[in-house]
Structures are given as structure tokens and as C-alpha cells.
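Quick notes on the structure that follows.
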2 protein chains.
Amino acid sequence: MRELPHPKTEELDLPRVLHALSDPARLDMVRRLAQEGELTCGALGVDRPKSSMSHHFRTLRDAGVIRTCVDGTVHLNHLRKEDLERRFPGLLKVVLDAPET
Amino acid sequence: MRELPHPKTEELDLPRVLHALSDPARLDMVRRLAQEGELTCGALGVDRPKSSMSHHFRTLRDAGVIRTCVDGTVHLNHLRKEDLERRFPGLLKVVLDAPET
DNA sequence: GAGTTAGTTCGATAAAATACGAACAATAGA
DNA sequence: TCTATTGTTCGTATTTTATCGAACTAACTC
């Protein structure tokens with residue numbers, strides 16, 4: 001099961017992570033991943049075209065927020081909870097607990 | 001002592017706050033405000049022109065991260081610690097404790 | 001091998017953010 | 001009132017981001 005390139009835990013950069021999380025669409029994606037666990041790209045992007053979703057997945061992946069594993073034709077995404085917790089303790093909880101608007 | 005317009009605590013929007021914090025220059029400003037308390041604009045912007053600093057202050061202010069009071073010709077800025085804590089518990093601590101890079 | 005499915009990459013466009021000089025406003029002090 | 005100080009606002013140039021169709025790739029299925 002192949003894996004796309006991801007930054008290492010020690011390389012996670014706060015401004016970059018915050019920027020990845022500062023987009024409402026991506027924040028929704030992160031919340032759904034937190035609730036429902038591992039999800040395919042298709043499962044998350046209902047109303048948006050594939051290319052737009054792919055862009056957002058890439059932004060989250062490059063920032064180190066999610067990890068993507070390729071299983072056949074399917075790309076499985078999951079939150080890098082432990083890595084984020086090690087690098088920025090409490091961040092994910094704060095973001096997930098925050099009021100939606 | 002006049003005060004510039006600021007969003008109310010209940011109006012603070014997470015994506016907007018995260019975006020305000022996602023710029024390295026602004027993150028530095030926030031860290032310095034956390035360490036040194038109330039600061040004037042001039043005290044924070046050494047290497048950047050005034051107009052650039054003013055832009056960053058405005059971004060932080062509009063997001064609700066800082067509050068600006070006008071005292072004579074001086075603008076005093078301070079972190080909205082309590083407001084941020086009420087709206088997004090733990091956020092500020094996470095950001096301030098995070099490794100610099 | 002042909003077709004299908006899942007998602008990436010490319011290319012173009014539009015919207016937003018950054019940067020900064022110059023002009024401006026408000027206040028303090030001589 | 002004249003001048004200096006502090007910071008905002010304006011105008012513009014540059015960069016970054018978002019959006020999305022179209023072409024492409026990889027893997028599975030028949």
C-alpha cells in the first residue's frame with residue numbers, strides 16, 4: 001500500500017498548518033475526518049469537483065495535517081492526530097472543539 | 001482613550017483567526033505581545049515600513065486577536081487573551097507554546 | 001485489451017493577500 | 001500656529017490561493 005509524500009513530524013510548521021486549517025472547506029474536511037476516521041477523497045467531496053478537492057487534500061497533506069495512503073485506485077486519508085499532538089499539543093482538540101461559526 | 005472597531009467575542013470566526021495567525025510576521029507580533037504585554041505599533045515594527053505593519057495590525061484586529069486603543073498619537077495594542085480563551089479555549093496557549101520552526 | 005473508477009496534474013482565470021511608497025489625519029509640544 | 005510624531009489610508013504592483021474543466025495515470029474488472 002503506497003504512500004504519498006508527507007512532511008516528518010519534526011518538520012511540521014505552525015504557520016503552514018494554521019494556513020491549511022484556515023480555509024472553511026478544509027476545516028470541514030478535517031472535522032469529518034476526525035468524526036468518521038479514514039475516508040476516501042470521493043467520500044468527502046460531494047459538491048465540489050475532483051480537482052478542487054484534490055487541491056485541498058494536497059494542501060492539508062503538504063502541511064502535515066493528513067496522511068494519504070493509496071490502496072488500489074482508492075486514496076485513503078486520515079488525520080495525523082498523534083503527529084500533530086506531538087508537535088503542537090492541544091491544537092487539534094482546540095480546532096475540533098471550536099464553534100462552527 | 002478612543003478604541004478602534006473590533007469584533008465581539010461571540011463573533012470571532014475560527015478560519016479568520018487561524019488565517020490571521022498563519023503569517024509568520026503576525027505570529028511573531030502575537031508572541032511579542034504575549035511576552036511584553038501592551039505595545040505600540042512602532043515598538044513592534046522595526047524592519048518593516050509603517051504601512052506594512054499597519055496592514056498586519058489591522059488583520060489581527062479584524063480577526064479579533066488584538067485590541068487597539070488610541071492614546072494621543074500612540075496606538076496601544078494588546079492580545080485579547082480572555083476573549084480568545086472564552087471563544088476558542090486553549091488556542092492561544094497552543095500557538096504560544098509551539099516550536100518556532 | 002477495452003472500459004471503468006479514483007484521483008492527480010495541467011492550464012487558465014479570477015479573487016485575495018502582501019508589500020510598500022506617498023499622501024493624509026490626529027495629537028502633542030514648542 | 002508651526003513642527004514633529006504616530007499611525008492610517010490610498011494606489012498600485014506582485015504574489016499567492018482558489019476554482020474548475022480537460023487531459024492524464026494507475027489499478028481493477030470484464
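Naming: A, B, ... by sequence-line order, numbering from 1 per chain.
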- Item | Ionic contact status for Arg16(A) with Asp13(A), cut-off 4.0 Å |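 No, this pair does not count.
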- Task: Please tell me which of Asp47(A) and Val70(A) maps to the more 5' nucleotide of DNA chain D, matching each residue to the nucleotide holding its nearest heavy atom.
- Result: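 Residue closer to the 5' terminus by nearest nucleotide: Asp47(A).
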- Message: Could you tell me if the side chain of Leu27(B) sits less than 4.5 Å from the side chain of Glu100(B), heavy atoms only?
- Response: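 They are not in side-chain contact.
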Length of the [atom1]-[atom2] vector between [X] and [N], whole Å:
X        : N       : atom1 : atom2 : answer
Asp71(B) : dT5(D)  : CG    : C1'   : 14 Å
Arg2(A)  : dC28(D) : CZ    : C1'   : 15 Å
Asp28(A) : dA18(D) : CG    : C1'   : 16 Å
Ile66(B) : dG7(D)  : CD1   : P     : 12 Å
Met29(B) : dG7(D)  : CE    : P     : 11 Å

- Verify, without hydrogens or angle tests, whether Asn77(A) (side chain) and Leu39(A) (backbone) share a donor-acceptor contact under 3.5 angstrom.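 It does hold such a pair.
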- Task: Please determine if a side-chain N or O atom of Arg48(B) lies less than 4.0 Å away from the OP1 or OP2 oxygen of dC20(C).
- Result: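 Checking Arg48(B) against dC20(C): at least one side-chain N or O falls below 4.0 Å of OP1 or OP2.
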- Task: Determine, step by step, whether His55(B) and Lys50(B) satisfy the side chain to side chain contact (heavy atoms under 4.5 Å, CB included) criterion, reporting the C-alpha distance in whole Å, the side-chain angles of both residues, the deciding distance to 0.1 Å, and the verdict.
- Result: CA-CA 9 Å; His55(B) 157 71; Lys50(B) 298 187 300 177; over 6 Å; no
- Item | Per-nucleotide protein contact string for nucleotides 5-18 of chain C (B base, S sugar-phosphate only, - none; heavy atom under 4.0 Å) | BSBBB-------SS
- Item | The single option from Arg58(B), Arg67(B), Arg61(B) passing side chain to side chain contact (heavy atoms under 4.5 Å, CB included) against Leu4(B) |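 Answer after filtering Arg58(B), Arg67(B), Arg61(B): Arg61(B).
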- Is the number of heavy atoms from other residues, nucleotides or ligands under 6.0 Å of Arg31(B) CZ greater than 12?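 Above 12, so yes.
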